[in-house]
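This report refers to the structure that appears directly beneath it.
Only heavy atoms go into these numbers, but all of them, side chains included; no hydrogens, no water, no symmetry mates. Quick caveat: nothing in here was measured; it's all calculated off a predicted structure. Numbers here simply count residues along the sequence, with the first being 1.
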Amino acid sequence: MNILSLETVGKNYGVKPLFNDVTIGLEDTDKIGIIGANGSGKTTFLRIVAGTETPDAGKVTRAQGKTLAFLPQNPPIDEEKTVLEMIFESSSDAMRLLLDYETACNDLATRGGTDARLLEKISDLQHELETSGTWEIETNARAVLTKLGILDTSAKMKTLSGGQRKRVALAHALIVKPDILILDEPTNHLDADTIEWLEKYLARYTGTLLLVTHDRYFLDRVTSRIFEIERGAVQSFAGNYAYYLEKKEEQETLRATEGHKREQLIKKELAWLRRGAKARTRKSKSRINAAHDLMAQPKERAKDEIDISVGARRLGSKVIEFLDVSKSYGERKLINNFTYFLKRDDRIGIIGANGAGKTTLLEILTKRTEPDAGEIAIGQTVHIGYYDQESRALNEEQRVIDYIKETAEYVSTADGTQITASQMLEKFLFAPAAQYSFIKNLSGGERRRLYLLKILMGAPNVLLLDEPTNDLDIPTLIALEEYLDDFPGALIVVSHDRYFLDRTIENIFKFEAGGEIREYPGDYSAYLEISEREEVKNKTAETLAKDETSKAQNLNSKTSETAMPKKLSFKEKRELEQLETSISNAEARAAKIETELNLHASDAGKLNELFTEQQAINARLEMDMHRWAELAERADI
């Protein structure tokens with residue numbers, strides 16, 4: 001079923017057309033990834049579909065009664081509202097009811113659970129939740145908040161960091177469960193584990209999904225359709241990212257073949273025209289016109305590609321030595337006695353939870369932050385290039401060309417050729433006219449690309465990249481990966497992008513509890529394999545330990561009260577009861593669907609409807625069973 005349509009939509013910014021005459025439809029089961037170069041109009045396209053921006057031409061039509069949620073890159077917030085109020089903010093009755101319920105439960109918890117008036121209010125709200133069928137949303141909300149690490153829902157929004165605000169906005173978009181979900185760079189500010197959870201969550205999502213992301217693993221595993229914005233047009237590919245790459249390669253090969261054929265035909269026609277007419281004959285007027293038309297056609301312009309070709313300085317044998325480095329903030333230990341000798345050919349990826357201390361380590365290394373203890377010894381030949389997460393060196397009031405000329409008027413490329421700063425900007429896809437634009441007028445991705453050029457023009461031999469994939473488009477990331485393949489120095493990358501880590505690094509350093517930094521050999525996929533093996537081993541050991549504990553308890557019936565699990569709260573007891581009912585109903589419906597699938601084996605439309613429902617039920621059951629097991633264990637069921 002078509003849920004949203006764009007008809008002859010166009011959008012320009014000044015003299016620059018982003019896209020024109022876009023006519024395309026979105027189906028109610030589509031999971032669409034949007035790709036394109038920085039500045040091509042990906043974010044603008046999302047805004048037009050979401051209705052927060054008006055197209056210059058054409059119209060967008062949404063099916064009547066269908067709901068939509070949009071997560072922009074920088075979500076608007078009310079700083080005076082609490083996290084809870086932002087998460088459940090909505091015009092829908094269900095969300096308002098949930099907000100009232102969650103607020104009452106929080107109030108009851110702060111008053112020790114003994115307020116009779118609040119207990120009565122919660123009981124009434126529970127009845128409303130049951131009769132309106134809203135309990136499923138509440139259970140989903142609880143799971144989403146836990147996975148996104150949103151624990152203090154009473155905090156004011158103004159006290160949160162940018163990354164925390166983005167998580168709250170993401171939680172809101174997921175919890176409202178809209179018919180159309182639009183996400184602009186949802187993986188920014190999320191760690192790898194949370195991205196993996198979100199990936200699985202969206203793969204089970206049953207509505208229409210439209211997203212922009214630079215994470216190629218995420219794009220490949222979640223989407224079933226790709227929209228590419230290129231040269232003012234939007235082209236649809238009916239498959240995931242891997243399918244798009246295959247079809248795109250076929251298109252480029254065909255385009256090159258057609259271009260070659262056309263060039264040969266033009267040469268033939270030119271030779272025919274220059275020969276002149278034979279005696280007593282005239283050249284065919286129609287053929288002459290056809291030849292002129294052929295030559296007048298615009299020549300196929302090669303696709304613009306970034307060219308990262310900059311030199312690097314010689315690096316001596318002594319690079320960087322970390323000697324018992326420690327750093328804490330208050331009672332929180334981020335780095336604990338870290339010692340490591342960086343080698344010339346090191347390719348290190350740094351991972352860990354948000355706030356674990358990854359960026360702090362780079363800030364200490366670049367002397368922007370002082371360690372509490374220990375020291376860092378840096379070799380005399382070391383020249384550090386630090387691509388920081390905030391692009392702090394960008395001056396928005398400067399022109400692009402002036403910003404680059406601060407580093408150098410002339411630049412040496414990898415092959416030793418000297419080129420001007422303007423020529424280097426062109427290699428980074430800043431056309432001559434764009435070079436005199438102010439930095440504040442650039443898109444987020446264009447700013448990050450400009451900042452990357454500035455860092456690389458300094459010819460570093462030790463390169464520190466802090467979240468380099470945020471806001472960079474996929475073509476730029478591919479070019480950066482190819483540059484790093486031949487980078488003649490040491491590389492340290494802080495990133496949540498699993499694909500980028502697999503592509504560029506050879507060792508993983510993971511920040512763990514207590515400020516410990518553990519080294520894992522290999523890329524990110526190798527780290528996952530090691531972690532999974534250790535998890536299985538730990539679970540086996542834990543199971544054996546539980547068996548031994550159980551045997552001991554059978555021999556001695558007296559159990560210490562302090563060993564008892566924490567009792568369920570009033571709210572959790574109610575949740576456990578609702579889960580049991582929900583699981584029972586879902587299992588019954590799942591069994592009925594199996595029967596209906598056999599009955600309607602020849603009805604393709606009905607089969608598709610049943611399969612979709614079956615997937616949704618199975619996903620719900622998996623989540624409910626997991627939560628039930630957690631609560632049941634504590635309730636001693």
Check whether any side-chain heavy atom of Tyr386 lies under 4.5 Å from a side-chain heavy atom of Glu363, and answer yes or no. yes
Find out whether Ile24 and Ser236 are in side-chain contact, i.e. whether some heavy atom of one side chain is under 4.5 Å from a heavy atom of the other. yes
Under 6.0 Å from the ring centre and within 45 degrees of the ring axis: does the NZ or CZ of Arg399 meet both conditions for the six-membered ring of Phe438? yes
Establish, for the pair Arg221 and Tyr217, whether the NZ or CZ atom is under 6.0 angstrom from the six-membered ring centre and no further than 45 degrees off its axis. yes
For Leu181 and Leu210: C-alpha separation, side-chain torsions, deciding distance, then whether side chain to side chain contact (heavy atoms under 4.5 Å, CB included) applies. CA-CA 6 Å; Leu181 179 59; Leu210 197 64; over 6 Å; no
Not counting sequence neighbours, which residues clear side chain to side chain donor-acceptor pair (under 3.5 Å) with [X]? List them please.
| X | answer |
| --- | --- |
| Glu396 | Arg447 |
| Thr213 | none |
| Tyr201 | Asn140 |

Any idea how His214 and His496 line up, ring-wise: parallel (<30°), tilted (30 to 60°), or perpendicular (>60°)? tilted
Please list all pairs passing the salt bridge (charged side-chain N to carboxylate O under 4.0 Å, His left out) test where one or both residues lie in [range], with sequence neighbours left out.
| range | result |
| --- | --- |
| residues 52-64 | Lys11-Glu53, Lys11-Asp56, Arg47-Glu53 |
| residues 177-190 | Glu136-Lys177 |
| residues 19-45 | Asp30-Arg225 |

Side chains of Thr359 and Asp466: do they bring a donor and an acceptor to under 3.5 Å? yes
